[in-house]
Structure formats: C-alpha cells, structure tokens
Amino acid sequence: MSAFVLSQWLVAAAIVFDLISFQFKHKQQIVACLCISAVLISSHFYLLEQLTAACLMLLAALRYLVTIFSHSKRIMWVFISVSAITSLFTYTGWLSVISLVGSTIQTRAAFCQSDQNLRLLMIIGTCVWLLNNALAGSPMGVLMEVLFIASNLVGYYRHYGLALPIRQ
C-alpha cells in the first residue's frame, strides 16, 4: 500500500471521530474525540510529507487533552507560541503558513469555556484546514473537513438552534 493510500485511510478513521465529536453536548467529550482524530490526521500529514501540518496536529492532540482540564489563557498562548516556533522550523512554503493559521484559530477555540463558542471558532479554523487539505492534494482530507463542518453545524443546531453565543 502506498503512503498516499495509507494517509487517506488514516483520514477516513479520523472522520469517524470528527463526526461523533460535535454530537456530544459536553466539551470534555468533544475534545477527547478531537484528540484521537488529531493523532490520526497528524499521521496522515506525515505520510503526505507535510511536516508542519503533521507537527501542528500532534500539538493539537496534546492541546485537546490539556483543555479537558484547563482553560488557562496562559497555556493557550504557550500552545500558540510553540505552534509558531514549530512552523518556523518546519517551514516549506504557503502550506506551512496556512496550517499555522488554522491551528491558531482552533487553539483559541479549544480554550473557550463555552462549547457554543468552541463550535463556532472550530468552523472558522476548519475552513482554513479545508484550504490546506485541498492545496496538499488530499481528497479524503477535504471530505473530512467538509463533513466536520457539517457535523459541527448539525450539533450546534441540535443544542442551540439559531442562537448566537454569549461573548466570553
């Protein structure tokens, strides 16, 4: 099996965790699923030789794990700083920049105390990762992000209808 085909299978497995993640109501359950998904997606990017994205997704897995226990803005800034440094050392072009932008938005999302705000910021960050996956040439990665956005929207609507979040 080629590295490309294996990378697509890893994303297919990540899709399962992504789809169920936003059907939960409690943030801890959401980010636990996202943690598992991030490890699978990191492996996917590694196989596609997208080192920046692979490293950022490993950091994302750790970040999701940490946010189960803490919403500290200091820790959030540590993750954003480490992401920026990682991107600098693994920089290969625009995909590195796009990955960093998506990661930064989703880092902010992960440290929201409200799952409502988490969901909305995750949609924005996912749109950036959608662009990254399209430019990286990963059809299953693109499908994953589209399904993630759809699942997130369905979960949001199920729990909140059309209500806008309260600013935190």
Side-chain angles (χ1 to χ4, degrees), residues 1-22 27-70 72 74-112 118-119 121-152:
M1 179 181 310
S2 74
F4 177 79
V5 171
L6 181 56
S7 76
Q8 300 307 289
W9 279 107
L10 288 167
V11 167
I15 287 172
V16 173
F17 288 97
D18 281 349
L19 288 178
I20 63 173
S21 67
F22 281 106
K27 183 183 177 215
Q28 290 80 6
Q29 295 168 315
I30 294 169
V31 294
C33 286
L34 294 177
C35 180
I36 295 166
S37 176
V39 171
L40 294 167
I41 296 167
S42 175
S43 301
H44 154 262
F45 281 127
Y46 180 78
L47 291 170
L48 291 178
E49 299 178 0
Q50 298 296 319
L51 190 56
T52 302
C55 291
L56 291 175
M57 290 310 293
L58 271 181
L59 281 171
L62 179 60
R63 173 187 75 215
Y64 290 130
L65 188 62
V66 167
T67 62
I68 290 173
F69 307 102
S70 174
S72 166
R74 285 186 180 140
I75 295 173
M76 177 189 77
W77 284 108
V78 168
F79 275 103
I80 290 172
S81 298
V82 171
S83 295
I85 292 166
T86 299
S87 297
L88 181 65
F89 282 107
T90 60
Y91 180 81
T92 57
W94 282 106
L95 284 179
S96 295
V97 175
I98 293 168
S99 296
L100 177 59
V101 170
S103 180
T104 301
I105 294 167
Q106 289 185 334
T107 297
R108 174 63 186 104
F111 282 91
C112 287
L118 168 97
R119 291 169 190 277
L121 282 172
M122 287 300 283
I123 290 171
I124 296 167
T126 302
C127 289
V128 176
W129 280 105
L130 174 65
L131 173 63
N132 182 80
N133 286 337
L135 294 174
S138 177
M140 286 299 288
V142 169
L143 176 63
M144 174 187 64
E145 302 300 359
V146 168
L147 291 173
F148 186 78
I149 291 167
S151 175
N152 193 345

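Every value quoted in this text rests on a predicted model; they were computed, and no experiment measured them.
Separation of atoms OG (S99) and CG (N133) is listed at 8.5 Å; rounding is to 0.5 Å. Atoms OH and CD1, from Y64 and I36 in turn, are 12.5 Å apart once rounded to the nearest 0.5 Å. Atom CD of Q50 sits about 11.5 Å away from atom CG of L56, to the nearest 0.5 Å. To the nearest 0.5 Å, atoms CG (L48) and OG (S43) are separated by 11.0 Å.
Side-chain atoms of S70 do not come within 3.5 Å of backbone N or O of T67 as any donor-acceptor pair. Judged by distance alone, with hydrogens and angles left aside, the side-chain atoms of S42 form no donor-acceptor pair with the main-chain N or O of A38 at under 3.5 Å. Side-chain atoms of S151 do not come within 3.5 Å of backbone N or O of L147 as any donor-acceptor pair. Of the possible donor and acceptor atoms, none in the side chain of S103 sits under 3.5 Å from a partner among the backbone N and O of L100. The backbone N or O of S96 lies less than 3.5 Å from no partner atom in the side chain of T52, so there is not a single donor-acceptor pair. The closest donor-acceptor contact from the side chain of T90 to the backbone of T86 lies under 3.5 Å.
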query: What's the verdict on side chain to side chain contact (heavy atoms under 4.5 Å, CB included) for C112 and R108, showing C-alpha distance, side-chain angles and the deciding distance?
result: CA-CA 7 Å; C112 287; R108 174 63 186 104; 3.6 Å; yes
field: Test log, rule side chain to side chain contact (heavy atoms under 4.5 Å, CB included), inputs F111 and R63
entry: CA-CA 9 Å; F111 282 91; R63 173 187 75 215; 3.8 Å; yes
field: Check against side chain to side chain contact (heavy atoms under 4.5 Å, CB included), V97 and Y91
entry: CA-CA 8 Å; V97 175; Y91 180 81; 3.8 Å; yes
- request: Let me see the working for L130 and M144 under side chain to side chain contact (heavy atoms under 4.5 Å, CB included), right down to the final yes or no.
  value: CA-CA 8 Å; L130 174 65; M144 174 187 64; over 6 Å; no
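Nearest heavy atoms, A61 versus V39: CB-CG2, 3.7 Å. Closest approach of C127 and I149 over heavy atoms only: SG-CD1, 3.8 Å. When all heavy atoms are compared, the tightest approach of S7 to H44 is O-CD2, 3.2 Å. I98 and L135 get closest at one heavy-atom pair: CD1-CD1, 3.6 Å. When all heavy atoms of A54 and Y46 are compared, the closest pair comes out as CB-N, 3.6 Å. The two residues A12 and M140 have their closest heavy-atom pair at CB-CE, 3.7 Å.
By the 4.5 Å heavy-atom criterion applied to side chains, L47 and F4 are not counted as neighbours. You'll find the side chain of T126 stays beyond 4.5 Å of the side chain of N152, heavy atoms only. Using a 4.5 Å cut-off on side-chain heavy atoms (C-beta onward), L59 and V82 make contact. Inter-residue side-chain proximity for L40 and F17 is flagged as met; some heavy-atom pair is nearer than 4.5 Å. W129 has its side chain out of reach of M122: every pair of non-hydrogen atoms, C-beta onward, lies at least 4.5 Å apart. Between F148 and L34 the shortest side-chain heavy-atom distance falls below 4.5 Å.
A side-chain N or O of S138 and one of Q8 form a donor-acceptor pair less than 3.5 Å apart.
Results of the side chain to side chain contact (heavy atoms under 4.5 Å, CB included) test with I41 over I15, L10, D18 single out D18 as the only residue that passes.
Residue E49 places its CD atom among 12 or fewer non-hydrogen atoms of other residues, nucleotides or ligands, all under 6.0 Å distant. Heavy atoms from other residues, nucleotides or ligands lying under 6.0 Å from CZ of F89 number 12 at most.
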